[in-house]
Amino acid sequence: MKFTHEICGAIHLHTNYSDGGVSYEELIDAAASLRLDYLVVTDHMTLGGKKDGYEGFKKDVCVLIGYEHHDKNKLNHYLALGTENVAGNKKHASVYTQEIKNAGGIGFIAHPEECRHYFGNLPPYPWTDWSNDAFDGIEIWNQMSDWVEQLKSWLSVIRIVYPRRFLGAAPEKALQKWDSLNRIRMVSGIGGVDAHSFRIGFGVFAIIVFPIKVMLKGIRTHLYLENTLDKNDYVLSQSLIKNAVRDGRGFISNFRRGDARGSLFFIEYEDGTSDVPGKSRSGKLPAVINVVLPEKADIHFIVNGKHEKTTHGNKAQFKVESNGVYRIEVTRKSKAWIYSNPFPVGPSYPI
Ligand SMILES: [Zn+2]
Ligand SMILES: [Zn+2]
């Protein structure tokens, strides 16, 4: 199998270059102390951190800098990575997604199905333009949206003090959208941290209630690479990360439910070929999807968007006998722990 080197990092981070509560130094210190392999920083409409030299290996953490694009109404948030400039901002989502692609970048729809019921002054920022297909993936689980959506009132103080305790699961609507898109083409899934101060509206207090080290112990995106990261070769390393995240080679975890590093998800075909999740070629059916976890959990087999089977343990095998889109969800005590990217099985799309 080609992609055997797992790395674990955090995507969708804001710094004080836009509305985040931390400096690059604080962010990098926190990531290094938690042994994260990479960070993807996406401040709103700015690549200032990149221009100021924060990209590269910093304290052994591979730091990639993209940005979060929005339209003129501050809607349709889009995480862009791999471009040298911010696309023009007074444009429709279909224009900037394409412009980012044309500039050699990749992009992910941020918090696509965000909804907030309780706070008029904290509007949701869902994706409204599904007509274009220039995006590479979607953020299926956004730590900040999840937290805010569970707030019932400003009296939910415990949720503010323990921001990770209440992380529930990726929104069902986002998962359904992801599953239906994946029957048409491969759409990568990522998890986002999205630690903001302005979006929760506490001003300076937000920095205190969301310490970055705590936020980085939440939703993470694990990637399977064909090579290890090379601290002496940033250009190579960042392209390994970019390709893996674009192609959905990996899985998303919530560290609060356990350290998912070391988890394996792979498919073995009848002809002896095997592959990790994501954009992959298909071998000969039947095939078996294998799951190996560092700890016991409930392992769910999702077929074409429908829950098919659950087993309990730290290993599982699921038989695949026909073309379709297969993925794994893992829960512990009914709380979401891991979402694998899909295994598309079939000679061509749509599946
Ligand atoms: Zn956003
Ligand atoms: Zn954001």
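Every number for a ligand or one of its atoms is a count from 1 in the order of the listing.
- Here Glu270 does not pair with Lys284 in a salt bridge; the nearest charged N to carboxylate O distance is not below 4.0 Å.
- Not one N/O/S atom of His44, from backbone or side chain, sits under 2.8 Å from the Zn ion (ligand 2).
- One finds no salt bridge joining Asp298 and Arg332 here, because no Lys/Arg side-chain nitrogen approaches an Asp/Glu carboxylate oxygen to under 4.0 Å.
- Residue Arg185 places its CZ atom among more than 12 non-hydrogen atoms of other residues, nucleotides or ligands, all under 6.0 Å distant.
- Taking the Zn ion (ligand 2) as the corner point, the angle from His14 atom NE2 to His12 atom NE2 is about 100° (rounded to 10 degrees).
- Residue His77 does not count as close to the Zn ion (ligand 2), with no N, O or S atom under 2.8 Å.
- Note on Asp194: its N/O/S atom closest to the Zn ion (ligand 2) is OD1.
- The ring-ring contact (aromatic ring centres under 6.0 Å, His included) test with Tyr78 singles out one residue from Phe108, Trp127, Phe135, and that residue is Trp127.
- By the 6.0 Å contact criterion, NZ on Lys51 is enclosed, its count of non-hydrogen atoms from other residues, nucleotides or ligands being greater than 12.
- Between OE2 of Glu68 and NE2 of His111, the angle at the Zn ion (ligand 1) works out to 110°, rounded to 10 degrees.
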